[in-house]
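Chain letters run A, B, ... following the sequence lines, proteins first and then strands; every chain starts at 1. Bear in mind that the values here come from a model prediction, so they are computed numbers and not experimental data.
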Number of protein chains: 2
Amino acid sequence: MADSPVAVSCSNCSVRRLCLPAGLSLAEIDRLEQVTGKKKVIKAGESLYRAGDSFQNLYAIRSGSFKNVVIAADGDTQITHFALPGELLGLDAYSTRVHSSYAEALEDSSVCLLPFAQLEVLAQQVPALQQQIYSIFSEELRKENEILMLLGKRSADTRLAALLMNISSRYACRGYSPNEFILSMSRTDIANYLGLTAETVSRLFTRFQKQGVIQVNGRVVQIQNLLGLSEIAGTHCGYEGEV
Amino acid sequence: MADSPVAVSCSNCSVRRLCLPAGLSLAEIDRLEQVTGKKKVIKAGESLYRAGDSFQNLYAIRSGSFKNVVIAADGDTQITHFALPGELLGLDAYSTRVHSSYAEALEDSSVCLLPFAQLEVLAQQVPALQQQIYSIFSEELRKENEILMLLGKRSADTRLAALLMNISSRYACRGYSPNEFILSMSRTDIANYLGLTAETVSRLFTRFQKQGVIQVNGRVVQIQNLLGLSEIAGTHCGYEGEV
DNA sequence: CGCTACATTGAATCGAGTCAACCGGGGTGG
DNA sequence: CCACCCCGGTTGACTCGATTCAATGTAGCG
């Protein structure tokens with residue numbers, strides 16, 4: 001929401017290190033910027049795309065955060081990802097040409113539109129971009145594997161601790177404090193993502209607080225004992241090397 | 001195991017429809033075959049690659065089946081995928097250049113080696129191949145999302161029913177009977193994949209049998225009431241459109 | 001001011017895990 | 001050839017973590 005109306009450019013974007021331009025030369029970034037002209041602002045609670053929408057763009061988050069949600073045939077939902085600045089949304093729609101999930105802003109946010117048809121052509125000409133796209137796809141797969149491990153094998157407290165570690169380290173990557181942050185998602189969202197109920201998540205927050213590993217006040221979280229938290233997470237700290 | 005020693009070629013491969021050549025012209029497949037020369041046979045229980053191995057190849061399954069397993073810091077494992085002929089293994093290692101998971105043959109199997117460095121160069125020249133690679137990556141992401149839903153939200157019986165539906169439909173895609181098949185994985189593997197214990201899986205098999213939806217004898221499964229099974233799976237049949 | 005949505009807390013329930021015993025087939029070695 | 005063991009699978013009894021249901025608290029907003 002605090003975005004000035006200046007032209008969008010990767011070269012002065014604060015998350016370029018984490019985003020599509022990573023690993024590209026200045027000349028290559030120049031060419032990329034011819035594709036990434038448009039910016040879009042999304043208010044908290046609004047959708048960037050919906051399940052069923054035709055696939056046109058990838059979206060690179062400039063600021064804010066999103067939840068990515070898949071919907072089962074019976075209407076049940078599962079949050080698969082909390083996305084932060086620098087991350088790409090919409091990758092899973094490429095093969096079917098239709099979005100099978102939706103992305104909803106957790107706070108007022110802004111994104112770059114990346115028309116995939118154009119991006120594809122450019123990647124054909126710029127090997128480094130091609131490689132970066134593969135890299136992002138591959139990294140997404142690796143991250144999903146970590147979450148599978150969390151949902152398949154871990155107890156409730158381990159799951160929540162791992163999520164907190166993960167968010168903390170991703171904020172740190174983006175230059176924010178790893179020890180104090182505001183969760184942009186509700187307890188219900190956290191519970192959905194972790195395969196738990198909101199009640200369980202709430203109880204865990206108060207338990208962690210009693211144990212002295214964190215301090216919670218609504219959505220404001222301070223980590224007071226990072227080591228303790230990582231022990232609860234079982235050294236699966238932030239599910240390792242997450243961005 | 002039943003593979004003759006003829007040269008590997010995509011054009012006469014029974015799973016080319018499901019694999020990398022899908023959507024390529026004959027001329028393009030010709031070029032692809034210059035990259036995919038080598039075949040490798042893997043015996044049941046052996047690894048195709050291990051966690052920590054450097055990333056050199058993608059592997060396309062010609063025959064047999066594999067489990068893909070991620071390993072946590074504490075040694076705990078999670079099967080993320082049961083892979084069948086036509087599917088690609090190793091995609092998640094691209095970004096780090098190191099395999100973070102391992103792939104183990106569930107039965108005697110054979111694979112094509114796809115040196116990624118060469119594949120990448122070829123994809124740069126052949127847009128249809130480029131698109132097929134994106135498509136496979138994207139499809140993998142979509143499939144993982146379905147599994148997340150399964151692990152995050154579903155009861156034990158729903159999980160197993162969904163897996164059976166999934167395997168059934170994937171066999172059907174490959175020209176085998178959807179109603180009678182031999183599971184190539186152990187109960188323990190199924191349990192690990194579904195986030196359950198072997199005991200629970202075993203109990204479910206006998207319960208499904210008592211309910212008359214399937215007939216089980218060790219690893220031989222006959223589906224007797226597909227509709228009933230899909231109802232237990234909650235219409236999340238085979239987690240939709242799986243290959 | 002009161003409505004609504006989100007969050008917390010408590011008590012009771014239940015699904016799946018744990019622990020342990022047992023079965024049966026296949027391979028090994030005496 | 002048979003005895004034995006080992007491993008995968010099955011079954012039962014008990015336990016426990018997380019859900020469910022319900023009540024209460026709290027903050028933001030028209």
- NZ of A/Lys153 versus C1' of C/dT18: gap in Å, rounded? 16 Å
- Message: What is the distance, to the nearest angstrom, from the CG atom on A/Asp189 to the C1' atom on C/dA7?
- Response: 13 Å
- Going 5' to 3' through nucleotides 8-19 of chain D, assign each nucleotide B (protein heavy atom under 4.0 Å from a base atom), S (under 4.0 Å only from sugar-phosphate atoms) or - (no protein heavy atom that close). SSBBBB----SB
- To the nearest 0.5 Å, how far apart are CD1 in B/Ile223 and CG in B/Leu229? 5.5 Å
- Message: Testing the 3.5 Å rule here: is there a donor-acceptor pair between the side chains of A/Ser101 and A/Asn68?
- Response: yes
- Before accepting this row, confirm whether a basic side-chain N of the pair B/Lys143/B/Glu146 lies closer than 4.0 Å to the acidic partner's carboxylate O. no
- Angle by which the axis turns from one end of the helix from C/dC1-D/dG30 to C/dG30-D/dC1 to the other, five pairs per end, to 10 degrees: 30°
- Query: Ion pair present between A/Glu87 and A/Arg174, side-chain N to carboxylate O less than 4.0 angstrom?
  - Reply: yes
- Rounded to the nearest 0.5 Å, how far apart are CG of A/Leu18 and CD1 of A/Ile136? 10.0 Å
- Separation between CZ of A/Phe181 and CD of A/Gln222, rounded to the nearest 0.5 Å: 10.0 Å
Got a list of protein N/O to nucleotides 23-30 of chain D N/O distances below 3.5 Å?
none

- Distance-only donor-acceptor check, side chains B/Ser47 and B/Glu104, under 3.5 Å: no
- If the plane angle is over 60° it's perpendicular, under 30° parallel, otherwise tilted; pick one for A/Phe55 and A/Tyr94. perpendicular
- Query: Any idea how A/His99 and A/Tyr59 line up, ring-wise: parallel (<30°), tilted (30 to 60°), or perpendicular (>60°)?
  - Reply: tilted
- Query: Are B/Ser54 and B/Gln56 close enough that a side-chain donor and a side-chain acceptor fall under 3.5 Å?
  - Reply: yes
